[in-house]
Amino acid sequence: MKLLITNDDGVYAPGIIALASFFAGRGNECVVVAPDRERSSVGHAITLNRPLRLWEVQSAHYPANCRAYACDGTPSDSVLLGLEEIMPEPDLVLSGINSGPNLGDDLTYSGTVSAAMEGLIHGHSSLAFSLDIREGGAGPHYATAAMVAGHIVDHLGDSPLPEGVLLNVNVPNLPVAELEGLRITRKGVRLYRGKVNRIKDPAGRECWWVSGRVEDRLEEGSDVWAVANGQVSVTPVHMDMTHFPSIDVLASGGLEKINFK
Ligand code: MN
């Protein structure tokens, strides 16, 4: 298989090296095109106001049969350039393995998931992989996530993805033996409390640091719920953000009868 691999943690991040090494080790034709630095939470941004550069990376961390390129743009820029210049017809676009989960409303902020969206927009089957690493948690189990990715990709050989759908996969940060299986999930609700923190810079001037404490709504069947229960969550995601029931609700409410003249 021909695999175009990207991420939002940067080309030297351990997660993408684990993912590329795993699939290259199974004899797949792998090419990595990824940001030259961490670009987490840039969402689906592409770069229009300056030129982009792309260069091959010489890294002993990548296997000899996997070429890796750095791009000085975003994850979606990397997918664009990868498809345009390096691997025009991949069988799959893989994004990750992200350092940290992409659950609930992380989805639209996530460069990892957005890179898979970019692959999807260009007509390629695409998957995003994230490892539920938490601050102060156990050592990162990227090998678990790579193994999970291998199983899911194998399964897609017999049962391809529906057209226009990507998979957002989140893997508990556990040894393989401790995984509690896999659930097909829906996007859940994850809130960040105290998201904006007012602080002082060293000169005493006010500034703001965006972070926040995670608060998950653990509703059964959601991605946050599955991962909290030690299960791999697989959420099918499509690009159509239209809320169809509201079309009729808004129309019958008379919104279309506003007269602009
Ligand atoms: Mn990231």
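Atoms within each ligand, like the ligands themselves, are counted from 1 in listed order.
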_Which of the protein's N, O or S atoms come within less than 2.8 Å of the Mn ion (ligand 1), not counting waters?_
Asp8 OD1, Asp9 OD1, Ser40 OG, Asn98 OD1
*Identify, with sequence neighbours excluded, every residue that meets side chain to side chain donor-acceptor pair (under 3.5 Å) alongside Asn65.*
none
*Among Asn168, Asn170, Thr185, find the one that has a side chain to side chain donor-acceptor pair (under 3.5 Å) with Thr235.*
Thr185
*How about Glu84: does its CD atom have over 12 heavy atoms from other parts shown lying under 6.0 Å from it?*
no
*With sequence neighbours left out, what residues match Leu182 under side-chain contact (heavy atoms from CB on, under 4.5 Å)?*
Ile152, Ile184, Val232, Val234
*Pick out which of Ile121, Thr108, Thr74 makes a side-chain contact (heavy atoms from CB on, under 4.5 Å) with His44.*
Ile121
*For Arg205, all residues meeting salt bridge (charged side-chain N to carboxylate O under 4.0 Å, His left out), sequence neighbours excluded*: Asp201
